[in-house]
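Predicted, not measured: the structure shown is a model, and the values here were computed from it. We name chains A, B, ... by the order of the sequence lines, and we start the count at 1 in each one.
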Amino acid sequence: MENLKAKAYALRQDVVNMIMSGKGGHIGGDMSIMETLVTLYFNEMNISPENQHDPSRDKFVMSKGHCVEALYAVLAAKGFFPIEEVIEKFSKFGSPFIGHPNNKLPGIEMNSGSLGHGLPVAVGMAIAEKMNKSSARVYVVMGDGELAEGSVWEGAMSATHYNLDNLCAIVDRNRLQISGSTEDVMHQDSIEKRFESFGWNVLSVNGNDVDALKEAFETAKTVKGRPTLVVANTTKGLGSAVMENKASWHHHVPSAEEYEQIMKDLKEREEAALHE
Amino acid sequence: MNKIHNRQVICDVLMEHAKEDKDIVVLCSDSRGSASMTGFANTYPEQFVEVGIAEQDLVGISAGLAKCGKKPYAASPACFLTTRSYEQAKVDCAYSNTNVKLIGISGGISYGALGMSHHSAQDIAAMSAIPNMRVYLPSDRHQTRHLTEALLQDEKPAYIRVGRNPVEDVYTEDNCPFEMDKATVLCKGTDVLIVACGELVRPSFAAASILAKKGIKSTVMDMYCVKPLDKEGLLREAKGVKAVITVEEHSPFGGLGSMVAQVISANDPKKVINLSLPDAPVITGNSQEVFDYYGLNAEGIAKTAEEALK
Ligand SMILES: Cc1ncc(C[n+]2csc(CCOP(=O)(O)OP(=O)(O)O)c2C)c(N)n1
């Protein structure tokens, strides 16, 4: 069994290298969502370069598309494209590796970047899988700031109306967005109660804990007749004290010194996870 | 090298007036930093409304504020402001005729490598097609100041698009001729007329110098008022020239080029060539790289003009 905790810290290093190379990217949200992506791609979903065109594959939508760097790192680790190429070309002139998901690239289903699109699209996918009598499951990752978009709630409504138990949405509850704390910008508490009132099965877990996420995704599969929301309670910028829990690191590009420190911290945590 | 963003100038002007005019309200959708509105939010917190990442709410709330006597300025990335909130702009601002000023920041392809979701290459077409909506693309910080001052004086909806990065000056503080809804003529010549808006006015003006060296005389018009288009000025300057070139950071359809071509073909038919972005997601790159790639720089504009005259 692969050590996914260590993997999450290793892939964070790829993310940081991408951001240094492309001189842009959304580092804070990349770091908070990493365990979710690693758990989904390496433990949960049947998605790989081999089955990417098989209609029965699980489907994934990165609704908080600005955290594409984390997705690139995970897709590269899955073998969809070489990580060296992503790091070299990210955000550069003429590059296919742009700052949001783009389905000209292998492994990416839907283009995103404008927040609030993912859930309705995932609802459509989940309805189609039911129509197709497919056992494929649909996963969508949203930001907590993103939940301010009305379209999220339209999607939330239709997901329960159509009893979409093949749909699992994840909210990266890192409590920060660009302008500061989500609670100051447009308060969210309680996401759990809001989704429950829409009829969802809601699980609230430590979103930077691979074991907790595994358990949540397994539980979600057993719930019949309604969709599941996993509130992944996370730390934005997780991996180094330099960037943890700082709104200003939403899309900050590290300085040379910051880079050194972050990489050192990430390596240390990777090591620690390996020997846990 | 100018370091002052057009968006910063809008904030400066609003702050100067907000001190006296308590009806001025700025609204943002988790966009105060990118809109350069943090200064306003911190200085006049009681005249600032944050709506979170909810652009439809942003424009709807603005319309409600306007109906009750406020002067709302809703500042959000142009891509989301003009497409996500399109219906609010159409129904709540234009149709209901509320005094909402929509400030589209990081317009055109300013967001570069962030891709098509973040580009607003259809905002001129979309907003211009709404009756009672005006569309302005100022070319530099000095013109942005005059335009913002002028818009404070009226009570009708308008959409203003500015880019993300500071742009080189076209005018100077002391020499920035400005008349509301009248294009500014930057230089005059009898061979070709170049009509541009927004960030591409400056390279169009530079193209005139390249053409002059080749003995081609050109008129360059800064059509910051894309709607209402300055038809009178356009026909006046188009008179006698052999070709008209339009230059814009927009899709080939429904923008400045389409509007200029409509006026010219109906009144003074001659060759009109539209320089624009392609009808496709643009190549990954920063603004300058993208402009260079599609010939939207001084050399490219001059070359197009030269060929049009052949
Ligand atoms: C419709 C839309 N409005 C605005 C933006 C600009 N934007 C990009 S990221 C972001 C903040 C996202 O916050 P959150 O959803 O909490 O994500 P995270 O903190 O996980 O990065 C905003 C406002 C956008 N991408 N889409």
Check: Counting only heavy atoms not in A:E183, do more than 12 sit closer than 6.0 Å to its CD atom?
Finding: yes
Notebook entry, point to check: Highest number of heavy-atom pairs under 4.5 Å with chain A: which of B:I283, B:V290, B:T83, B:L114?
Noted result: B:L114
Next item on the list: Check whether B:T38 gets within reach of chain A through its side chain, its backbone, both or neither, counting any heavy atom under 4.5 Å.
Entry: neither
Next item on the list: Go through A:D184, A:N111, A:V68, A:I98 and name the one with the most non-hydrogen pairs under 4.5 angstrom from chain B.
Entry: A:I98
Item checked: Nearest-0.5 Å distance that lies between atom CE in A:M34 and atom CG in A:L71 -> 9.5 Å
Notebook entry, point to check: By a 4.5 Å heavy-atom criterion (distance strictly below it), what part of A:Q177 contacts chain B: side chain, backbone, both, or neither?
Noted result: both
Next item on the list: List the atom of A:N103, the atom of A:I108, and the distance in Å for their closest heavy-atom pair.
Entry: CB-O, 3.1 Å
Notebook entry, point to check: Are the ring centres of A:F81 and A:F97 closer than 6.0 Å?
Noted result: yes
Next item on the list: Write down the atom of B:R84, the atom of A:S151, and the distance for their closest heavy-atom approach.
Entry: NH2-OG, 3.1 Å
Check: Going by residue number, which parts of residues 50-69 of chain B are within reach of chain A, meaning a heavy-atom gap below 4.5 Å?
Finding: B:E50, B:V51, B:G52, B:I53, B:A54, B:E55
Margin query: Quick test of your reading of the model: are A:K92 and A:E85 salt-bridged, counting only N-O distances below 4.0 Å?
Written below: no
Next item on the list: Select one option (side chain, backbone, both, neither) describing which atoms of B:Y111 are under 4.5 Å from chain A's heavy atoms.
Entry: neither
Notebook entry, point to check: When you check the gap from the basic side-chain N to the acidic O, do A:R12 and A:E35 get nearer than 4.0 Å?
Noted result: yes
Checklist line | Top contributor to chain B interface from A:H187, A:H100, A:E146 [non-hydrogen pairs under 4.5 Å] | finding: A:H100
Notebook entry, point to check: Any salt bridge between A:D189 and A:R173, counting N to O under 4.0 Å?
Noted result: yes
Note to self: Shorter than 4.5 Å, heavy atoms on both sides: which option in A:N102, A:L115, A:T182 has the most such pairs with chain B?
What the structure shows: A:L115
Item checked: Nearest-0.5 Å distance that lies between atom CG in B:D21 and atom NZ in B:K70 -> 8.5 Å
